[in-house]
Protein chains: 2
Amino acid sequence: MSEREYLGREMALHILKEAGLRRTEARVLILELMGESETPLEARQIQDLAAAKGMSEGLWLSTVYRNLELFAEKGLVQEVKPPESESIFYRLEVHGHNHYAICENCHMEIPLDLCPFEEIERQLQAADFVPTHHRLEVFGLCSACRRRLNR
Amino acid sequence: MSEREYLGREMALHILKEAGLRRTEARVLILELMGESETPLEARQIQDLAAAKGMSEGLWLSTVYRNLELFAEKGLVQEVKPPESESIFYRLEVHGHNHYAICENCHMEIPLDLCPFEEIERQLQAADFVPTHHRLEVFGLCSACRRRLNR
DNA sequence: CTGAATGCAAACGGTTTGCACGCCC
DNA sequence: GGGCGTGCAAACCGTTTGCATTCAG
């Protein structure tokens with residue numbers, strides 16, 4: 001169980017202000033929902049959660065996608081593309097930590113301490129390769145899901 | 001420039017036999033084309049290459065997808081999902097090396113020597129997490145593309 | 001007030017699926 | 001000969017785009 005920092009409305013507003021983005025209802029809500037989630041979320045899940053949470057009129061998928069894209073550009077959010085799913089999941093980028101083990105069933109994440117990136121950077125310098133993103137992802141089953149699925 | 005082992009027709013036939021798969025024209029061709037490629041390929045590229053190479057009637061996309069999926073199941077091929085592209089790329093799994101820097105422009109790959117996985121496995125054991133896949137991918141621009149694109 | 005964000009619908013594009021014919025073993 | 005693989009077309013589904021309206025600053 002990792003400590004998860006819930007991110008309330010005022011924090012969401014703050015983040016948006018920091019990023020120089022307009023503070024609309026949709027954006028605040030998306031950030032709040034992501035902040036409350038234990039796992040990365042797909043656009044569709046965000047829409048469902050929004051409906052459940054009381055955004056009376058709901059949240060349009062196109063709005064969710066447009067904002068996730070925007071957030072990703074600003075570095076507020078990261079994409080995850082699990083091998084077994086077509087769709088793209090998004091996680092809040094809270095502390096610049098890109099290294100996780102991700103449960104294929106429930107998508108829970110275990111952060112990994114190790115960052116081998118300095119070493120790799122040295123190797124790439126030799127090849128004159130300029131890195132923009134990197135990711136280290138381990139997929140598998142967490143202990144709860146293994147029990148649940150009997151494997 | 002890494003040594004790339006071309007994989008000829010007879011080798012492709014051998015691989016299929018090993019995997020217990022029927023040796024059809026389509027499968028042999030797909031493996032050959034992947035073996036000749038410097039980069040991971042999308043289904044569409046495989047189709048185009050097949051047409052260019054003389055598969056007179058061409059190769060249907062559905063056939064390519066069905067076989068890539070099959071190859072992936074058998075562990076002959078791995079998926080790559082680059083952050084900037086919708087589509088799935090596939091690389092031949094030749095020597096069990098999952099760690100690359102991948103050029104976002106030309107998709108050339110630089111294999112990375114470092115495999116931090118033993119260390120990670122230790123961390124995950126403590127969390128009772130059973131890994132099935134892992135990947136370490138660095139995206140960026142190779143030196144040729146940087147020159148070509150003037151960046 | 002003005003441009004940016006959203007609601008909504010329609011398009012898009014990569015991938016999947018269903019079915020009949022043809023080929024591998 | 002029997003069943004798996006392929007050609008082909010049509011569906012699928014996550015995501016993107018266009019446009020009119022609404023809202024934040």
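Fair warning: this is a prediction, and the values are worked out from it, not measured in the lab. Just so we're on the same page: letters track the sequence lines, and every chain starts at 1. FYI, side chains are in, hydrogens and waters are out, and symmetry mates aren't considered; it's all heavy atoms of this structure.
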Quiz item: Just how far, in rounded Å, is C1' of dT15(C) from CD1 of I88(A)?
Solution: 14 Å
Quiz item: With a 4.5 Å heavy-atom cut-off, do I30(A) and Q47(A) have their side chains touching?
Solution: no
Which side-chain N or O atoms in residues 12-22 of chain B pair as donor and acceptor under 3.5 Å with protein atoms at least two apart or in another chain?
none

Quiz item: Hey, what bend do you get for the helix from dC1(C)-dG25(D) to dC25(C)-dG1(D) if you fit axes on five pairs at each end, rounded to 10°?
Solution: 50°
Practice problem: Mind calculating the distance between CG (D48(B)) and C1' (dG14(C)) to the nearest angstrom? | Solution: 14 Å
Exercise. Could you list by number each residue of residues 60-73 of chain B showing a heavy-atom separation from DNA chain D of less than 4.0 Å, or answer none if no residue does?
Key: W60(B), S62(B), T63(B), R66(B), N67(B)
Quiz item: Is the closest basic N to carboxylate O distance between K53(B) and E36(B) below 4.0 Å?
Solution: yes
Practice problem: Please report, rounded to the nearest Å, how far the P atom of dC23(C) is from the CD atom of E25(B). | Solution: 12 Å
Exercise. To the nearest Å, give me how far apart CZ (R27(B)) and P (dC25(C)) are.
Key: 9 Å
Self-check item: Those residues that, when tested against E10(A), pass side-chain contact (heavy atoms from CB on, under 4.5 Å) (two or more places apart)
Solution: none
Exercise. Grab the CD-P distance between E86(B) and dT16(C) for me, whole Å please.
Key: 15 Å
Self-check item: Nucleotide dG14(C), atom P - distance to NZ of K81(B) in whole Å
Solution: 15 Å
Quiz item: Partners of E79(B) by side-chain contact (heavy atoms from CB on, under 4.5 Å), sequence neighbours excluded?
Solution: K81(B), I88(B), Y90(B)
Self-check item: L29(B) CG - dC24(C) P separation (whole Å)
Solution: 14 Å
Quiz item: For E42(A), which residues count as a side chain to side chain donor-acceptor pair (under 3.5 Å) partner, sequence neighbours excluded?
Solution: S87(A)
Practice problem: Could you tell me whether a side-chain N or O of E32(A) sits under 3.5 Å from a main-chain N or O of G8(A), the two making a donor and an acceptor? | Solution: no
Quiz item: Starting at CG of L41(B) and ending at P of dT15(C), how long is that distance when rounded to a whole Å?
Solution: 13 Å
Quiz prompt | Shared hydrophobic cluster for V28(B) and L49(B) (ILVMFWY, side-chain gaps under 4.5 Å) | solution = yes
Self-check item: salt bridge (charged side-chain N to carboxylate O under 4.0 Å, His left out) involving R44(B) - partner list, sequence neighbours excluded
Solution: D48(B)
Exercise. Give the other cluster members for L61(A), using side-chain heavy-atom distances under 4.5 Å between Ile, Leu, Val, Met, Phe, Trp and Tyr residues; answer none if it is isolated.
Key: Y65(A)
Quiz item: Got a sec? Which of residues 16-24 of chain A come in under 4.0 Å of DNA chain C, heavy atoms?
Solution: R22(A), T24(A)
Quiz item: Which pairs, with at least one residue in residues 68-78 of chain B and sequence neighbours excluded, count as a salt bridge (Lys or Arg N to Asp or Glu O under 4.0 Å)?
Solution: none
